[in-house]
Protein chains: 2
Amino acid sequence: MFWHTIFMPHKTHTISELARAFDITTRTIRFYEEKGLLNPQRVGQQRRYTDADRVRLTLIQRGKRIGMSLQESQAIIEMYDPAQGNVEQLERLLDNVSERKQQLHAQMQDLKQMLTELDDVEKRCQQALNIVNKKEDN
Amino acid sequence: MFWHTIFMPHKTHTISELARAFDITTRTIRFYEEKGLLNPQRVGQQRRYTDADRVRLTLIQRGKRIGMSLQESQAIIEMYDPAQGNVEQLERLLDNVSERKQQLHAQMQDLKQMLTELDDVEKRCQQALNIVNKKEDN
DNA sequence: CGAAAACTTGACGTTAACGTCAACGTCAAC
DNA sequence: GTTGACGTTGACGTTAACGTCAAGTTTTCG
């Protein structure tokens with residue numbers, strides 16, 4: 001009778017469980033479905049989400065944090081999902097992957113530059129504070 | 001008579017020169033001004049942009065590439081511009097800088113993770129292609 | 001069984017970051 | 001002296017990524 005609390009190999013989640021887990025609204029989840037980033041199973045009318053959907057949501061959120069649009073995240077998701085077979089498709093996929101990788105490397109460079117520049121700001125700022133402190137010592 | 005072509009220490013630019021140089025529209029530049037990210041000098045009605053404005057535009061564009069909003073870029077710009085002196089302000093600035101740095105480091109982690117995952121996809125993809133090629137060898 | 005809680009599908013609203021268009025000023029060149 | 005290139009300020013349009021109701025159905029729980 002309480003099996004589901006003891007053993008649940010492929011537990012599915014309702015939309016609000018997922019929303020809580022990812023700290024987003026149900027509206028957002030449905031919106032992602034509209035845009036083709038998720039397509040959960042249905043039990044009657046209701047949506048049921050598997051771990052695959054959780055993976056996708058994780059990818060989406062990581063994508064957002066690094067400035068990707070939903071479309072870009074969708075492209076990434078489709079790279080993770082094989083769904084293929086055919087040689088041409090594999091080669092196209094390889095091209096897409098290497099293109100994305102290049103872009104991500106470029107983004108790393110931008111990040112590094114901004115970080116070193118912020119380091120500079122920090123140093124100049126601390127020097128200014130040191131000067132003030134020395135004056136106070138006198 | 002041709003001094004300006006030989007020696008121009010603080011050349012200013014018109015809006016369309018700037019637009020060409022940064023590959024954006026004049027509308028975009030005026031929009032950034034509206035939002036407080038630029039404030040060029042004026043000669044009569046017309047805007048004149050200095051190298052300081054070019055630096056700001058560079059920061060804005062880099063910010064966009066790493067997924068920052070204009071407001072965030074503005075915050076960064078204000079960190080670059082000292083404009084102050086007072087100790088409290090310096091300490092607040094230091095806090096802001098270190099907060100930004102943390103966020104950027106987190107973003108680097110996200111980028112790295114996405115990169116290694118794309119590496120995985122790439123490898124699996126190449127393995128699949130190798131198998132196909134071996135079959136063709138027979 | 002009956003009310004509260006959760007789920008559903010619309011439809012319209014909102015914010016950021018510009019695009020687009022109109023209507024007007026100005027200045028050098030033909 | 002007018003034409004054409006460039007500049008100006010509005011005002012409204014657009015897209016992405018949701019938020020916010022509304023109005024109805026279904027599940028759950030005492």
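In what follows, chains are A, B, ... by sequence order, proteins preceding strands, each numbered from 1. Quick caveat, the model's predicted, so the values are computed rather than measured.
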**Prompt:** Does anything in residues 58-76 of chain B reach DNA chain D, meaning a heavy atom under 4.0 Å, and if so which residues?
**Reply:**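 Here the set is empty: none.
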Distance, rounded to the nearest Å, where [X] contributes [atom1] and [N] contributes [atom2]:
{"X": "A:His13", "N": "C:dA6", "atom1": "NE2", "atom2": "C1'", "answer": "17 Å"}
{"X": "A:Glu17", "N": "D:dT27", "atom1": "CD", "atom2": "C1'", "answer": "13 Å"}
{"X": "A:Ile15", "N": "D:dT26", "atom1": "CD1", "atom2": "C1'", "answer": "15 Å"}
{"X": "A:Arg48", "N": "C:dC7", "atom1": "CZ", "atom2": "P", "answer": "9 Å"}
{"X": "A:Ile29", "N": "D:dC18", "atom1": "CD1", "atom2": "C1'", "answer": "13 Å"}
{"X": "A:Leu57", "N": "D:dA17", "atom1": "CG", "atom2": "P", "answer": "15 Å"}

List for me each residue that meets side-chain hydrogen bond (donor to acceptor under 3.5 Å, both in side chains) alongside [X], sequence neighbours excluded, and say none if there are none.
{"X": "A:Arg48", "result": "none"}
{"X": "B:Lys35", "result": "none"}
{"X": "A:Glu33", "result": "A:Arg42, A:Arg47"}

| said: Under 4.0 Å, heavy atoms only, any strand: does B:Thr26 hit a base, just the sugar-phosphate, or nothing? | reply: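 It contacts nothing in the nucleic acid.
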Margin query: Classify B:Arg30 by what it touches in the nucleic acid, base, sugar-phosphate, or nothing, heavy-atom distance under 4.0 Å.
Written below: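 If one applies the 4.0 Å heavy-atom cut-off, B:Arg30 turns out to touch a base.
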- Query: Listed in order of residue number, which residues of residues 31-45 of chain A have a non-hydrogen atom at under 4.0 Å from DNA chain C?
  - Reply: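 Those residues whose heavy atoms fall under 4.0 Å from DNA chain C, taken from residues 31-45 of chain A in numerical order, are A:Arg42, A:Gln45.
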Sub-4.5 Å side-chain heavy-atom contact between [X] and [Y]:
{"X": "A:Ile77", "Y": "A:Ile60", "value": "yes"}
{"X": "A:Ile29", "Y": "A:Phe22", "value": "no"}
{"X": "A:Leu37", "Y": "A:Ser73", "value": "yes"}
{"X": "B:Tyr32", "Y": "B:Leu57", "value": "yes"}

Measure all distances between protein nitrogen or oxygen atoms and nitrogen or oxygen atoms of nucleotides 19-27 of chain C, and list the pairs falling under 3.5 Å.
| unit_1 | atom_1 | unit_2 | atom_2 | d |
| --- | --- | --- | --- | --- |
| C:dG19 | OP2 | B:Thr25 | OG1 | 2.7 |
| C:dG19 | OP2 | B:Thr28 | OG1 | 3.0 |
| C:dG19 | N7 | B:Arg27 | NE | 3.3 |
| C:dG19 | O6 | B:Arg27 | NH2 | 3.0 |
| C:dT20 | O4 | B:Arg27 | NE | 3.0 |

- prompt: Please, which pairs that meet salt bridge (Lys or Arg N to Asp or Glu O under 4.0 Å) have at least one residue in residues 85-99 of chain A, sequence neighbours excluded?
  reply: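 Listed by first then second residue: nothing to list.
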* List in chain and number order the residues that pass salt bridge (charged side-chain N to carboxylate O under 4.0 Å, His left out) with B:Arg30, two or more places apart in sequence or in another chain; answer none if no residue qualifies. =>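 Listed in chain order: nothing, the list is empty.
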Pairs under 3.5 angstrom only: tabulate donor-acceptor contacts from the side chains of residues 100-111 of chain B to other protein residues two or more places apart or in another chain.
| unit_1 | atom_1 | unit_2 | atom_2 | d |
| --- | --- | --- | --- | --- |
| B:Arg100 | NH1 | B:Gln103 | OE1 | 2.7 |
| B:Lys101 | NZ | A:Asp119 | OD1 | 2.7 |
| B:Lys101 | NZ | A:Glu122 | OE1 | 2.7 |
| B:Gln107 | NE2 | B:Ile66 | O | 2.6 |
| B:Asp110 | OD1 | A:Arg65 | NH2 | 3.0 |
| B:Asp110 | OD2 | A:Arg65 | NE | 2.7 |

Only Watson-Crick and G-U wobble pairs, only distances under 3.5 Å, only runs of 3 or more: what stems does that leave for DNA chain C?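 If one scans DNA chain C for consecutive Watson-Crick or G-U pairs, the stems found are C:1-30 with D:1-30.
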Give a yes or no on this: more than 12 heavy atoms of other residues, nucleotides or ligands lie within 6.0 Å of atom CG of B:Asn130.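 Yes - once you tally the heavy atoms of other residues, nucleotides and ligands closer than 6.0 Å, there are more than 12.
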Notebook entry, point to check: Can you tell me if CD on A:Gln71 sees more than 12 non-hydrogen neighbours from other groups inside 6.0 Å?
Noted result: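 No - once you tally the heavy atoms of other residues, nucleotides and ligands closer than 6.0 Å, there are 12 at most.
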Q.
Run the side-chain contact (heavy atoms from CB on, under 4.5 Å) test against A:Thr50 and tell me which residues pass, sequence neighbours left out.
A.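 A:Thr50: side-chain contact (heavy atoms from CB on, under 4.5 Å) contacts with A:Thr12, A:Gln41, A:Ala52, A:Asp53.
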Quick one: side-chain contact (heavy atoms from CB on, under 4.5 Å) partners of A:Gln113, sequence neighbours excluded?
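Residues passing side-chain contact (heavy atoms from CB on, under 4.5 Å) with A:Gln113: A:Glu117, B:Arg62.
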Item to complete: Please determine if a side-chain N or O atom of B:Arg47 lies less than 4.0 Å away from the OP1 or OP2 oxygen of D:dG7.
Response: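 Checking B:Arg47 against D:dG7: no side-chain N or O falls below 4.0 Å of OP1 or OP2.
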